[in-house]
Each structure stands twice: as C-alpha cells, then as structure tokens.
Amino acid sequence: MDLVSSLNEQQAEAVRTTEGPLLILAGAGSGKTRVITVRIAYLISERQVPPHQILAVTFTNKAAGEMRNRVANLLKGFQLNSAPLLATFHSLCVRILRQDIEKLDDGYTRSFTIYDTDDSQRVLKACIKDLGLDEKKIVPRVVRSVISAAKNRGEDVQLFTSSVEQTDEKQAAYAKIFRLYEERLLRANALDFDDLLIKTVKLLRVSQETRDKYNDRFKYILVDEYQDTNSLQLALITFLTEKQQNICVVGDDAQSIYGFRQADIRNILEFEQHFPSAKVIKLEQNYRSTQTILDAADAVIGNNLNQKKKKLWTQNPGGERILYCQAVDGEAEARFVASKIEAHRSRDASKRIAVLYRTNAQSRLFEEALRRFRIDYNIVGGFSFYERAEVKDVVAYLKLILNPDDDIALLRVINTPSRGIGKASIDELQSMARQTNGSLWSAIGDVVEGRSTAFAPRAKNAIVAFWNTIEKLKAKAEGFAGTDKPVSETVIAAIDDSGYSQMLREENTDEAEGRLENLEELVNAAADYDKDPEGGLREFIDHAALTSDTDKYDGNAGVTLMTIHSAKGLEFPIVFIVGLEDGVFPHSRSVNNPKELEEERRLAYVAITRAEELLYITHSMRRRFYGDEITAEPSQFLNELPLELIEDLSRGPSWLSYARSYGMGSEKRTPVTTIDANVHEKPRAVYTGKTYNSADAIAEFFKNKGGRASRTGETFSRSSDVSRPSTGYDRLRAAASENARTGRSDRDDDAFVPGSHVRHAKYGKGLVLRREGTGDNVKLTISFPGFGQKKLIQKFANLERA
DNA sequence: AAGTAAATTTTTTTT
DNA sequence: AAATTTACTT
C-alpha cells in the first residue's frame, strides 16, 4: 500500500516529515484531516512506530472519532497490538489526572468529580450568597467567565487577587469569590473544565517523574486546530514533547474563532519561536469549494488587517454564483430557506445541506419552517442530551455513588423526586456542613447517627431515607462490578431505586414520557461501557461531562442546523448562511471592538468555506429580539462580498439591488478606487466595508474632504452624486421603518434624537440609535442600511433629517 | 412543602 | 416570546 501516492507534493512532505517540530499551515479545505490521518498511518506502517506511542489531540470528541475511523480504514489489514491515542485536550487531561493527580499532594484524589459549566455556576452562586454579596450586582454567569478567563491565562487565586485593582469593589469581590470557589471545589474533590488543564500542566511542571513518564509514552504528538489553543494548552504540549520534539501542529490562523475562550492566535503565529528548528509547510490547494466560493471567502477575510498572507487556489470549476435573499422578517427568511431545501432535496437527496447561524437562539424559526415543510433535519447544539434535567439528575445519583462529597450532585437530587426534604432542612444541613467544614454528605451522616438534634422526627426520617437510598445504591453498584453489565445495571438501579422513574410515570404526561425515553437512551449509552474493558462507571460519568453536543453530529444527515462555531471542520455541498444582519452577525457585542470584529470576520470566513458547491446567504429586515420586533440592518460582511458573484433571489428590491444601482452606477461614470486594492484584484464598488467609527477617523475624513483627495477621501468625496438613493430598496426601507420604528422624528431639524431618521452624504439614510455628549461634542450612533452602525460627530457629519 | 402566579431575565460562540 | 427564578398561597 502506498499511503502518500494519493497526496499532493506539500501534503506528502507533511506526512514524510516525521521528526522534529512541524507546523502545517492548512487553508480551508486543503485536506488537513487527510494529512493528519495519513501521517498517523504512515508512522505506524512505514516507520514502524508502535501505535500507542502516537498521540493526536483535538478539541472535540467528534473530530477525534472521525480521525479514529479514518486511521482504522487506512490501516485495514494491519495486525496492530496497540492503538494510537486520539483524544481531546480535556479527555487527555482526565486520563493523566486519574492516574497521577495524587502526586500533586494538594488534597485532590484520583476519584475526583468533574464539574461542568452549570455545576460551576451553582457553586459560584452559593459562594456569592454565603459571602453576603449582592446577587443583583454580582452575576454568577459573569463571575464564572471572569474566573475561567483568569484560569485560562494561567492565573491562580493568588495571582488573580494581586493583579486585581483592590479599589474596584467588583474586582475585589471576584477575587474573594474565586478563593471560596476553589475551597469548595477542593472540599468536594471536584475539578471544573479549566482545572483539568491547569492541574495537568501543574503536575507536569512539578513532577519530573510524571513528565518523563508521558514523554516516554508519547513519542509522536499531533495537534489539530492549533490556532484555537490557549496558553495552558501550549504549556501542556510543551511539557509533553520536551524530550522528543516530535510535535506536529496543524492549523489556519484565518479560522481562529475561539478568542473568547482565551485561544491565543500567537501560538500559531509564533510556533517557530516556541519550537526552534521547526519546519513549516503550507497547504494551499483547496479541494473542497468552487472558485466562486473561494473568491467570496477571500474577499471577506481580506478586510482583516491581522493575518498571515496565503493564497488558496483550486482546480475546481468556477461554479454557480452565490445565491442571495433578503426577507421581510425572520419567518419569511426561514420559509425561503425551507423552500429552497425542499427543492434541492427533491432534485438530489444525496446532497447534504447545512443551515448555519451565529447564535443558537436563531435555530427555532428554521426548525419550525422545516417541520412545516415536513423536511427531516438534524440539529446540533443548544440543549445537549447530557444537559437535560432528567439526565443530569440520574448522572448526579451516579456521581454520588462514586463521590458522595459532591455537594452539587447531592443538592440536585436530595429532593428529586420529592421525599419531604424541603428548603428549611437543606439550609440546616448546609449550616451544619459549614460549621464542621465538611460536605453535605458528612452532615447527613451526623444526622443519621444521631449527632444532631436540629431536626424534627419527620424531617429526620426523610433525611435517613435519602441516606439509605444512596447507601443501597452504592452497595448495589459494587455488586454489579464483575457481572457482564456493570454500568448499565447501575444506571437502571439509579433510575428505579431513587424513585425517579416512578415519579415520571405518575406524572402521566407526554413530557414525562419523553423524559423516560431519554433515560432509556442513557441506559443504552451506558451499555456501551459494559463491553469495553477500559470502561466502567467512572468513565461513563466522565464521558457525560465531557461530551458536547457538537459530538453527536450525524455526518449522514440530509439537513443539519448548527452554529458556525459547531460547523468548523465540516463541509457540505450546499450551505445556507442566515441572519447576515448588523448586530446578529457580526454580533452586537463585537462590533465596537476591532479585535473581536476581526474574529467575527474569521467566523464569516469559516462559514463561507464550509460550502463545496453552492452557497446561499440570507438576511431579514425585521427580527424579534427579546420579544420585541426591531429593524435589522444588512451585515457589513455583505458589503465585503464581490457583488458580481451574487445572484439576487429576493422578492422585489433588496439591499443587493440597492447596492448595485449605487455602486455599479457610479462606477460607470468614474472609476472606483478600492481602499485595499492590493488585496482584491477585481475592481469593486465603493462598498469596501471599511468603517469609520472612531471620532478621530471621522474628523480626519472630513478634513480631507475639502483638500487634496487622499485615496480614502476620494472614495468618500464622490458620494454627493449618490446621496439620494431613489431605488426601490429605499422605498421598501421607508415603508418598513414606518411600521417598525418605535422612535419619532423630531420637528426640530437640529435635534437628531434616538429614533429619528437621518440622511448622510455617504451612507444614505439611517436610524439614530444613541446620542452622547453636548454642544459641539454631540456624538450620534447611527445604523445605516448596508453599512452597519457608525459613530459620528454631529458637528462634522452634515446630517439631514430624513 | 409544594404548587402556582408573578416577576425577571435571556442571545454570543464551547471543552 | 419563552424560559427561568422568585414570591405568594394553600
């Protein structure tokens, strides 16, 4: 078998370069996964590397599973006596910690519990309450993200506390909560997601013995999606590869979309500094998409200032134009998408289709429309199976079997199903636990053994009954060990003996019926661990904690709905990118931060490059938001697409027809200078997507206006001849805003108050959103259709009422 | 203590 | 608009 013969020159080189540090810069669709899997197979079959010495790290279980399958396929017919380890960062850490965490000697034991985001947040909520802080001002969710960010920067409590501005009341409170949170986690023998990495890195740092052990175990290490690694992950890799330096990382800086999780794009940009003597191989031939799709992706990403230059090319045909639709509202957008999907499916049902959106909340409308069209779909994300209340409840019983000190698990189920232990009893137990600095379970033990007089007979009986339930469950689980169904029988016992199934049956509703079915699913999932010699109850629970919803993506599904983040690494013949609206995509929380806006743009790049043959983009003019309907403006990313690549399927006039008559029309009369002509070879309309949203930039622009025309000034100074858009789009917009707008226009020409409509020489008509400052310093935030939000100084902006 | 009504919050993105 | 949390009632 010749593994490398099917690869192009660069790919083959990447496979053959097995020794020393190697960075593979792999553009979208350049056969990255193929290179990784062939490389693993090559190491085993050509270089006689024992499989267990190979470690490949990914971010999702799904990616790991996919690689496992492909490697198995490549090595079919080989007799192997071990397997390469294909793991996520988190599952790798759990593996290491389950063996060696006690070497840290910091109180944690090998039977530690994993707390997911929800569990962490519950702990934090309790911490905030117990510290007597105002829950209105200190939001658990925010505290969690602050602490998580600190942890991912590599800061512990001490470091965080000293780095915090002590005079800042909130920051000081966060530090206090952080400290208490860590204490509570330790007492419960629990680690949160971030701790899994932190503890592993710490272990490798302090224990030469452990470091040697894993260096000797893993002689060849591969890391996928390297652009998404953070400093902790870099530290982990650095320690693991200390001896051999056989580290191969694969990534694409243009697809870095996890900055919010502290992913540091510098890891990939500075790989050669971190690993001297590193070799770099670029994969630039795209095998996935049509030229049209690549041109569109390239044009959008070209607006980012921070990027490594690379030129993706393809031998694929040009393909069809990008299909575009502007809908009147979210429902119409979903209807358009569903009807197009229906048409495609009836023509050729083998073509997989994806609907990609920025936020999970957008899925609902598309689900409803697809159901109405009777189209089967698969949805990824949102509410994960393991996040369902009934599943988490039963898993909590299982967690208590292995670690009764897990307070969060205990609180979850102490009165579910209700067994007469109410708020008052729980409060009492918690104060007992606080006094002895023990867990709730130890407090319950005190009650059972009569060391507490705080409870009335009825309450005491209820607590004893709960204690009995858990103790019996523990005994039963031990009894199942050694049988042929240790895990699934234990799960069944947890469901039945806890009274949970009885509770659901008595409810006698369709909803309860569905919950029972979910629990049956849980038993099925557990059964997989019965067969596996390496799988026990512990592994099953870990799996439940570390399995994201992205992992259950069904690669064979005809229609899949998911966020763009979840879609990374996937490809589809037909892709719909929906909700291309200002504030939705790019997200409103990112528009005012240039760094985050660039990340949004990379997200757009990822979305576009998922498409193989056909790409649809849609947006709607109105959208429901927190219950009320608002006017939605076209995304600035639309302006960054080459208009000639787009075909308009909108009913009636649209942003595109508006943009065309405006941009193309003026182009005929005067050649248009593009702002970043070096990036785009083709002449483009004045819609360069360049934003002038800082006060300085605006002032600069208007200064240029009167004098010598600079390149940017030139683009702008021509705008007077297009200041009266008379297209249908304008009328359409006017009609729409008539109904939609909540503000009022002012009778005074000078008062551009929020809600009023204005006209700007360059941007045309817009809606005033915010007004700040007084006198000459009045700044207005205005949303312009097709340009997004702009912050303008009223004095310079030369606005008219519209 | 449990069920219901009222009030409040929620929309980034994920291991 | 929907979901979650809190606050009243029995």
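Atoms considered below: every heavy atom in the structure, side chains included; atoms not considered: hydrogens, waters and symmetry mates. A, B, ... follow the sequence lines: proteins, then strands. Residue 1 opens every chain. Model, not experiment: these values are computed from the prediction.
- Comparing atom distances between the A/Arg624 side chain and each of B/dT13, C/dA1, B/dT12 picks out C/dA1 as nearest.
- Of the candidates B/dT12, B/dA2, B/dT14, B/dA2 carries the atom nearest the A/Ser418 side chain, counting heavy atoms from C-beta on.
- Rounded to whole Å, the C1' atom of C/dT6 lies 23 Å from the corresponding atom of B/dT11.
- Atom CG of A/Asn415 is separated from atom C1' of B/dA2 by 10 Å (rounded to the nearest Å).
- Looking at A/Glu600, its side chain does come within 3.5 Å of a backbone N or O of A/His587 through a donor-acceptor pair.
- Among the atoms of the strands shown, only primed sugar atoms or phosphate atoms (P, OP1, OP2) are found under 4.0 Å from some heavy atom of A/Phe59.
- A/Glu539 and A/Arg98 are not joined by a salt bridge, as no carboxylate oxygen comes within less than 4.0 angstrom of a charged side-chain nitrogen.
- Side-chain contact between A/Phe260 and A/Glu599: present, with at least one pair of heavy atoms (C-beta onward) separated by less than 4.5 Å.
- Under a 4.0 Å N-O distance rule, the pair A/Arg371/A/Glu368 does not qualify as a salt bridge.
- The residues A/Glu390 and A/Arg388 are annotated as not salt-bridged, no charged nitrogen and carboxylate oxygen being separated by less than 4.0 angstrom.
- The interatomic distance linking A/Arg602 (CZ) with B/dT12 (C1') rounds to 15 Å, in whole Å.
- Among the candidates A/Lys399, A/Arg412, A/Lys125, A/Arg184, the single residue satisfying the salt bridge (Lys or Arg N to Asp or Glu O under 4.0 Å) test with A/Asp119 is A/Lys399.
- A/Tyr258 comes within 4.0 angstrom of sugar-phosphate atoms only, judged by non-hydrogen atoms across all strands, and of no base.
- Here the side chain of A/Tyr626 is nearest to one of B/dT10, C/dA2, B/dA1, namely B/dT10.
- Within a heavy-atom distance below 4.0 Å of DNA chain B, the residues of residues 419-432 of chain A found are A/Gly420, A/Gly422, A/Lys423, A/Ala424.
- Listed nucleotides: B/dA2, C/dT6, B/dT15. Nearest to the side chain of A/Lys125: C/dT6.
- When distances run from any side-chain atom of A/Phe193 to the nucleotides B/dT15, B/dT13, B/dT11, the shortest one goes to B/dT15.
- You'll find that the side chain of A/Arg364 is closest to C/dA2, out of C/dA2, B/dT13, B/dT12.
- Along DNA chain B, the nucleotide nearest to A/Asp194 and the one nearest to A/Arg589 differ in position, and the one closer to the 5' end is contacted by A/Arg589.
- Note on A/Asp192 versus A/Arg144: no salt bridge recorded, every NZ/NE/NH1/NH2 to OD/OE distance being 4.0 Å or above.
- Picking from B/dT14, B/dT11, C/dA1 the nucleotide with the shortest atom distance to the side chain of A/Arg141 gives B/dT11.
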